[in-house]
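So you know, we letter chains A, B, ... as the sequences are listed, proteins then strands, and number each from 1. Nothing here was measured: the structure is a model prediction, and the numbers come from that model.
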Amino acid sequence: MAAAAAVSGEALTAFLLRLADDHLIIGHRLSEWCGHAPMLEEDLAMPNMALDLIGQARTLYQYAGEVEGKGRDEDQIAYVRRERDYVNCLMAERENGDFAHTMLRQLHFAAFMQPLWQGMLSSRDERLAGIAAKAEKEVAYHIRHAGEWVVRLGDGTEESTRRMKAAVEALAPYVDELFESDAVTKAMAEAGIAPDPATLRPAFDAIVGPIFAEAGLAWVETQHGQTGGRQGRHGEALGFLLAELQHMQRTYPGMIW
Amino acid sequence: MYSQGLIGAKTETTEDEAFLAAFQARIDAEEKIEPNDPMPEGYRRTLIRQIGQHAHSEIVGMLPEGNWITRAPSLRRKAALLAKVQDEGGHGLYLYSAAETLGVSREEMTEELLSGKAKYSSIFNYPTLTWADIGAIGWLVDGAAIMNQIPLCRCSYGPYARAMIRVCKEESFHQRQGYEIMMTLARGTPEQKEMAQDALNRWWWPSLMMFGPHDADSQHGDQSMKWKIKRFTNDELRQKFVDATVPQGEFIGLTFPDPDLKWNEEKGGYDFGAIDWDEFWRVVKGHGPMNRERIAARQKAWDDGAWVREAALAHAEKRKARRAAAKMAAE
Ligand SMILES: [Fe+2]
Ligand SMILES: [Fe+2]
Ligand SMILES: [Fe+2]
C-alpha cells in the first residue's frame with residue numbers, strides 16, 4: 001500500500017460497521033443451527049465458527065464505537081439500529097436453507113474475508129492489523145471446514161450433488177456484491193487501511209476454484225447479481241433475523257444483562 | 001449435563017458366583033474396570049443404560065438453551081450461551097464414546113432415544129420461557145448435574161470416570177455463569193428481578209426431581225452402589241444440592257417456592273417440602289410440556305441430516321476406491 005491518505009472517522013466507522021455487521025449476521029445465521037445439525041460433530045463445528053464470527057463482530061463494533069465517538073457500546077450498535085441501518089452484505093443474511101446452502105455460504109464469505117484480512121495484516125491502522133492477525137487464522141479454518149463439506153457433498157450421493165448444485169445456483173447472485181467498491185472502500189485503500197474489495201476477486205477465485213473442481217461443481221456466472229446490502233437495502237428475511245436478535249433490547253430498553 | 005437417578009435399568013446378571021465374587025473384589029479394591037476386562041452382563045447393561053441416558057441428556061439439553069441463542073440480550077451473553085451449548089454437545093460426544101467402549105454404537109443409542117426406548121433427563125421437558133431461564137438452568141440444572149457427576153469421577157468404570165473429570169470442570173463453569181446471570185437479574189430492574197424469581201419458581205422443583213426417586217422407591221440403587229457406579233444415594237445427593245443452593249439464592253434476594261423449606265440445626269441441613277412424584281412420573285412417561293417437541297426436534301435433525309451423513313460416507317468410499325485404482329495403475 002503506497003502513500004497513505006488521511007481517512008475521516010466517518011469513513012472508517014462506515015467501513016468497520018460493514019465488516020462487523022457481516023460477521024454478526026452470518027454468525028447469527030450459523031448459530032441458528034445449534035442443536036439441529038446433521039451430526040453431533042457439526043453441532044460442535046458450527047457453533048465454533050459462529051463463536052469466531054461473533055467474537056470478531058464484537059471487536060469490530062467496539063472499535064467502531066470508539067472511532068464514532070458517540071459513546072455507543074458494542075450492544076447499542078449491534079442491537080438498537082433500524083433495519084435500514086444494517087450494512088452487511090446480502091450473502092451474510094441469506095437464510096440457512098439446507099446444510100449445502102449453509103456450507104457454501106460460509107465458504108463464499110470466508111474466501112472473501114481471507115484475502116481481506118490478509119491485506120489488513122499490514123494495515124496502517126494498528127488496531128485493525130491486530131484484529132486481522134487473529135481473524136486470519138480463524139478464517140483459514142472456516143475455509144477448510146466449509147470447503148471439505150462442499151467437496152463431500154458435491155462429490156457424494158446423487159441427492160447431495162443435486163442439493164449442492166442448487167446451492168451454487170441460489171447463492172451465485174450474491175457473490176459479486178462482496179467485491180463492490182465505493183467511496184468508503186476506496187478511502188480505506190488509499191489510506192492503507194484495507195485493500196479495496198474490487199482487488200480481491202482473483203484471490204477468492206483461487207480459493208473457491210480448486211474446491212469446486214474437486215467437488216465436480218461448475219461455477220455459475222450470473223448476469224443479475226443482487227446488491228444493496230451496503231446501503232441497507234436487504235432481503236425480506238433480515239427483518240425476522242433482527243426481530244429475534246433485538247427482542248430483549250427492544251422489550252427491555254437500557255438494561256444491563 | 002445431567003444424569004438423573006437412573007430409570008429402568010436391569011441390573012440382574014447370570015454369571016456364576018466365583019466370577020461375580022472376583023469382579024466384586026476388584027471393585028472393592030477400587031480398581032478401575034476397563035473396556036476389555038471381564039465384567040458381569042448386568043454391569044455392562046447398567047452402564048450402557050446410564051451413560052446413554054447421560055449422553056442423551058446432554059444432547060436434548062442443547063434444545064431448551066439453544067432456544068435463546070438467537071435472542072440473547074447482549075453479544076457477550078450470546079457468545080457465552082453459544083459456547084455453553086457447544087460444551088454440552090461435546091459432553092454428549094465424550095459420553096457416546098464412553099458408551100461405545102461397552103459395545104453399543106452411537107447410532108443404536110440415537111435410535112433408542114428417538115423411539116422413546118432410552119430416556120433422558122426429564123428437566124429438559126420443561127420450556128425455556130424467558131432469558132432468566134438460561135440463568136436458572138445454568139445455576140440449578142448444571143448445579144444439580146455437578147452434584148451427581150462429581151462422585152461419578154470415581155465411578156468404577158474407567159472410561160466413564162475419565163469422561164466425567166473433563167465434563168465436571170465445564171459444568172462447574174456453567175453453574176457459575178448461570179448464577180452470575182441470575183445475580184445480574186436479581187440486582188437489576190424490577191422487571192429483571194421478577195423474571196429471575198419467576199424462573200426460580202418454575203425450575204426449582206424439577207431440579208430437585210433430577211436426582212430421581214426417593215431411595216426407598218428406587219429399585220436399582222443398591223446394586224449400582226455395590227458396583228461403585230454410584231457412590232451416593234438419590235436422597236443424599238438431593239440433600240447436598242439443596243444445602244448448597246438455598247444460601248446462594250437467598251444471597252441474591254430470591255425466594256424459593258417451598259413454604260416448608262427451613263434450616264434444620266439438628267441435621268445440619270435444610271428440610272424441604274414434598275416433591276410431586278406424580279408430576280415426575282408423568283413427565284418421565286412422556287407427558288411433560290415439551291416431551292413431544294424435544295423428540296420431534298431431534299428426529300427432524302436426524303432425518304434432515306440423513307442425506308448429509310450418507311453423502312459423507314459415499315464420498316469417503318469414492319476416495320478410497322480412487323486411491324486403490326491409482327495404486328493399481330501405478331503398479
Ligand atoms: Fe452432564
Ligand atoms: Fe453437560
Ligand atoms: Fe453444562
Least distance between heavy atoms, Lys318(B) atom then Gly156(A) atom: NZ-O, 2.9 Å

Okay, Leu93(B) and chain A: the region with an atom under 4.5 Å from a heavy atom over there is both

Look at the side chain of Gln249(A) and the backbone N and O of Ser74(B), then say whether any donor-acceptor pair between them is shorter than 3.5 Å. no

Count the heavy atoms of every other residue, nucleotide or ligand shown that sit under 6.0 Å from CD1 of Ile256(A), and state whether that count exceeds 12. no

Contact summary for Leu40(A) and Gly89(B), nearest pair of heavy atoms: CD1-O, 3.8 Å

Residues of residues 191-198 of chain B near chain A, each having a heavy atom less than 4.5 Å away: Glu191(B), Gln192(B), Met195(B)

May I ask you to name which of Glu32(A), Glu158(A), Met39(A), Gln246(A) has the most heavy-atom pairs under 4.5 Å with chain B? Met39(A)

Most contacts with chain B, counted as non-hydrogen pairs under 4.5 angstrom, among Arg163(A), Glu74(A), Met46(A): Arg163(A)

I'd like to know which of Gly66(B), Ala72(B), Pro73(B), Ala311(B) tops the heavy-atom pair count under 4.5 Å against chain A. Pro73(B)

Over all heavy atoms of both residues, which pair between Cys34(A) and Val85(B) is shortest? Give the atoms and the distance, please. SG-CG1, 3.4 Å

Part of Arg298(B) within contact of chain A (heavy atom distance under 4.5 Å): side chain

Checking His247(A) against Trp68(B) for the side chain to side chain contact (heavy atoms under 4.5 Å, CB included) test, could you report, in this order, the C-alpha distance in whole Å, the side-chain angles of both residues, the deciding distance, and whether it holds? CA-CA 11 Å; His247(A) 163 67; Trp68(B) 279 88; 4.1 Å; yes

Side-chain donor-acceptor contact under 3.5 Å, Thr157(A) with Glu310(B): no

With a 4.0 Å cut-off, would you call Arg309(B) and Glu42(A) a salt bridge? no

Taking NZ, NE, NH1 and NH2 as the nitrogens, is one of them in Asp73(A) or Arg76(B) under 4.0 Å from a carboxylate oxygen of the other? no

In sequence, state the C-alpha distance, the side-chain angles, and the governing distance for His36(A) and Leu63(B), and then conclude on side chain to side chain contact (heavy atoms under 4.5 Å, CB included). CA-CA 8 Å; His36(A) 308 278; Leu63(B) 297 170; 3.6 Å; yes

Could you check whether any side-chain N or O of Gln86(B) sits under 3.5 Å from a backbone N or O of Leu44(A), counting only pairs where one atom can act as donor and the other as acceptor? yes

Part of Leu75(B) lying under 4.5 Å from any heavy atom of chain A: both

Other residues, nucleotides and ligands only: do more than 12 of their heavy atoms fall within 6.0 Å of CZ on Arg250(A)? yes

Please classify the contact between Lys300(B) and chain A as side chain, backbone, both or neither, with a heavy-atom cut-off of under 4.5 Å. neither

